[in-house]
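Below is one structure, written out as structure tokens; the observations come after it.
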Protein chains: 2
Amino acid sequence: MPTPPLNSSPESKSADAFAPSREASKEITVRFNNAGTEEKVPEKVNIREVARQAGVSVATVSMVLNASPRISRSTHIKVQKMIDKMGYRPNRLAQSLSGRYTQVVAVMLPPLRHAFADAYFGEILSGIADRAGKLGHKLLIEQAKPQFVKEGKHLELYERRFVDGVLCLGFNEKHSFLSDFAARRYPMILVDNRFGDNLLDYVHCDYRLGAQQAMNCLLQLGHRSIGMVYAAPESPTARDVVETYTASLVAAGITPSEQWLVDGCFTDEGGAEAARVLLSRDPQISAILCGNDKMALGAIRYLTTHGHRVPDDVSVVGFDDIQHLAYANPSLTTVHLPLYELGVLACEKLVERIRGKVEHVAEVLPTHLVLRESTGMMRSLRS
Amino acid sequence: MPTPPLNSSPESKSADAFAPSREASKEITVRFNNAGTEEKVPEKVNIREVARQAGVSVATVSMVLNASPRISRSTHIKVQKMIDKMGYRPNRLAQSLSGRYTQVVAVMLPPLRHAFADAYFGEILSGIADRAGKLGHKLLIEQAKPQFVKEGKHLELYERRFVDGVLCLGFNEKHSFLSDFAARRYPMILVDNRFGDNLLDYVHCDYRLGAQQAMNCLLQLGHRSIGMVYAAPESPTARDVVETYTASLVAAGITPSEQWLVDGCFTDEGGAEAARVLLSRDPQISAILCGNDKMALGAIRYLTTHGHRVPDDVSVVGFDDIQHLAYANPSLTTVHLPLYELGVLACEKLVERIRGKVEHVAEVLPTHLVLRESTGMMRSLRS
DNA sequence: AACCGTTGTTAAAACAGTTTACCATTCTTG
DNA sequence: CAAGAATGGTAAACTGTTTTAACAACGGTT
């Protein structure tokens, strides 16, 4: 396919310099479209053209755009009128190239098959997107596939000036490439997790508090044999839950058992299988704490289809409070994580970090328990 | 906070011109960090620096980067070696500014509260993201809030050179601002829908085929009184389903009834309410076709909690085949939409459209039925 | 009147690439 | 062997903005 001819400049460079106030409002360029017919295209409007038409310098227009206090009110109005009249929109590639920032932040998701279709990520993303929009930033999404990281594309994001900063969702200590960011001082915030060494900036939910709230509930309902379906032991926040679970049992005078702990892989199927294993190991178990809602749902599905009533025989508590699960049957008691707010905060802090307003980011947001139908009083205590 | 001092150039412009082959591999600039201590920062590497070090012109380096056939094998290797040695990465703001494309495409989502946490959008997005990555394109996400559209930010996306093209997910004929794209010939593809006037490029699933497959199944199972929970009558593809549903009934010698049609708003709750209305209007109804899985799930929830067994009393068929619903109880018979593939195709076609390789895009992908537990034979026909 | 300090504006130099027109070579070919 | 074509490379123009240093005009002090 032949390249269409470029616009030919209607006047020479030097002529330009001698005719700063030239009337040029009717300038048009003739261009040929694919059909070979002529077509009138309005002169593409850039800052130079606006300056010419307004009878000021390019610098003045730029300063009007950026609301510089050095421009007088009258000039500001005059130039703004011309900008509106000509429908001028500054080219942001040029702006970013010449300026310090791209005004774009990336969101990096883990290489899971359904990362985009995930309620957990989606909720955080909503918060990020809303705040990014308010702050005048655009959002780029990337999935950190192994190939992507191996080729160093995560660093290219900064080095080729795609973005000013990155928000990382769903990663844990196994993803060691994240340290690359810290090593180069590239703005990056780990969302809903932290690294053990605390070298990476982070923002996460208070998983210890959440686990405490869930355990308090189950213990108050009289449960003594409480199983736990955990996942991702390489994730510090996931470990927080297990540790708090164990500590809660101890504090209640119960000896925790290794038998009560099963990995559910954060998946529906894993949760179902974990419930099976738990009850086969110890039929006394009357309550199960799950590391996320998906596993809790899987567990409930296994239980209800294998002769255990929920919550009559076994109580189940989840973690996340993802949407549209309030309608599960029975509906799920779960620890609500403020994921939307977490996204908002992450985005806000990232921009502050980019602007150099903060040196280090480490924030924790409180959780709360949502009581629904999947928990009930311990059998023996019921009247 | 004080602005850190910029790098001061270690040599004047003219000196530069007279020392094209200068040894400069050890050049460093001294910069002061916030603590006021000195810090060595490697000279930032741009195309000019690479050209100097390799002893060629800037144009040559550029042509090596773009694999121009006008560069000899020996020069290519020499320059590539220097590029690798210096760790040079072209600034893509400069590339896009001077070149024709940004290599970025936007995905626009409707202003729904949980647009990012949606399994339907997520699946399409996965396909888009995968293909965009392969084509060397980045992905920008936007939510088309009313404010966003009102301020013309959807057009800014092109006019300020954020992106080369846009993929629109989840919109329908009510979203008239989409015509703005067509009017300006900005590359945009409507994903999984079309506009009645066919002026907009589109890619969608074959909803007629899907509805046909669902209806064939229900009719073959002996159902004669079949309700339908539709939604979004302003969506042409949604109308396809209703029309095919009606036509199927007629073709089977059944007189369709207005009573059998209820709007379920594409939501879980809407589906539940629709099921209630349907059965109150006509208790004879033994099967329900739902416009998406969410509504089907809502319907099943209503039915099972109000004394109707699924599928023994009422069969339910969904539409979409979203993930993690195979595990619902009973698991859902549904029309599988190739959403991932649709995303892939949309992205591919958009890039072709951007490159001018195609003038108009209009593609339809076939569906298939996934038989699971929510459908069964009509009561009276069972042995 | 000379000097100083504002205030408002501008020319020119970045930013970092791509593209084009032109210029040497070297290779064919009549 | 001279003319013409092909090859490989380069200088300079171009993309569209921000930013900085310089400066003109003007008011207010000594």
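Keep in mind that this is a model prediction, so the values were computed, not measured. Below, each value reflects all heavy atoms present in this structure, side chains not excepted, and no hydrogens, waters or symmetry copies.
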Protein-nucleotide distance (B:Ile77, atom CD1; D:dG8, atom P), rounded to Å: 13 Å

When rounded to whole Å, the CD to P distance for the pair B:Glu159 and D:dG16 reads 14 Å

Base, sugar-phosphate, or nothing: which does A:Ser62 touch, judged by heavy atoms less than 4.0 Å apart? base

For A:Arg89, what residues pass the side chain to side chain contact (heavy atoms under 4.5 Å, CB included) criterion, not counting sequence neighbours? B:Glu156, B:Glu159, B:Arg160

Take atom CG of A:Asn66 and atom P of D:dG16, then tell me their distance rounded to the nearest Å. 18 Å

Rounded to whole Å, how long is the line connecting atom CZ of A:Arg161 with atom C1' of D:dT17? 12 Å

Extract all donor-acceptor atom pairs below 3.5 Å that involve side chains of residues 145-153 of chain A and protein atoms in other chains or at least two apart in sequence.
residue	atom	partner	partner atom	Å
A:Lys145	NZ	B:Asp130	OD1	2.6
A:Gln147	NE2	A:Glu151	OE2	2.6
A:Glu151	OE1	A:Lys153	NZ	3.4

Identify, with sequence neighbours excluded, every residue that meets salt bridge (charged side-chain N to carboxylate O under 4.0 Å, His left out) alongside A:Arg185. A:Glu359

Sequence neighbours excluded, which residues qualify as ring pair (Phe, Tyr, Trp, His ring centres under 6.0 Å) partners of A:Phe116? none

For the pair made of OH in B:Tyr101 and C1' in C:dT19, what is the distance, rounded to whole Å? 15 Å

Quick one: is C:dC15 close enough that its OP1 or OP2 comes under 4.0 Å of any side-chain N or O from B:Asn91? no

Looking at D:dG16, I'd like to know if its phosphate oxygens (OP1 or OP2) sit under 4.0 Å from a side-chain N or O belonging to A:Asn46. yes

Respond yes when some side-chain nitrogen or oxygen of B:Tyr88 is under 4.0 Å from OP1 or OP2 of C:dG17, and no when none is. yes

Picking from D:dG8, D:dT18, C:dT18, the nucleotide nearest the side-chain atoms of B:Ser72 would be D:dG8

Between C1' of C:dA16 and CD of A:Gln95, the distance in whole Å: 16 Å

State whether B:Asp201 and B:Lys349 are salt-bridged, where the test is any N-O pair (Lys NZ or Arg NE/NH1/NH2 against Asp/Glu carboxylate O) under 4.0 Å. no

I need the CG-C1' distance between A:Leu93 and C:dT18, as an integer number of Å. 14 Å

Stepwise, does the side-chain contact (heavy atoms from CB on, under 4.5 Å) test hold for B:Val166 with B:Tyr186? CA-CA 8 Å; B:Val166 176; B:Tyr186 294 152; over 6 Å; no

Spacing between B:Arg89 atom CZ and C:dG17 atom P, to the nearest angstrom: 12 Å

Within the modelled atom types, does a donor on one side and an acceptor on the other bring the side chain of B:Arg48 and the base of C:dA16 under 3.5 Å apart? yes

List, with names and distances, any nitrogen or oxygen atoms from the protein found under 3.5 Å away from nitrogen or oxygen atoms belonging to nucleotides 10-12 of chain D.
residue	atom	partner	partner atom	Å
D:dT10	OP2	B:Ser57	N	3.1
D:dT10	OP2	B:Ser57	OG	3.2
D:dT10	OP2	B:Thr60	OG1	2.3

Can you figure out which of D:dG16, D:dG8, C:dT18 approaches the side chain of A:Leu97 most closely? D:dG16

A:Ala132: partners by side chain to side chain contact (heavy atoms under 4.5 Å, CB included), with sequence neighbours left out: A:His137, A:Leu139, A:Cys347

Checking all strands, does A:Ser96 fall into the base, sugar-phosphate, or nothing category for heavy-atom contacts under 4.0 angstrom? nothing

Find which nucleotide of DNA chain D each of B:His76 and A:Val61 is nearest to by heavy atoms, and output the residue with the more 5' nucleotide. B:His76

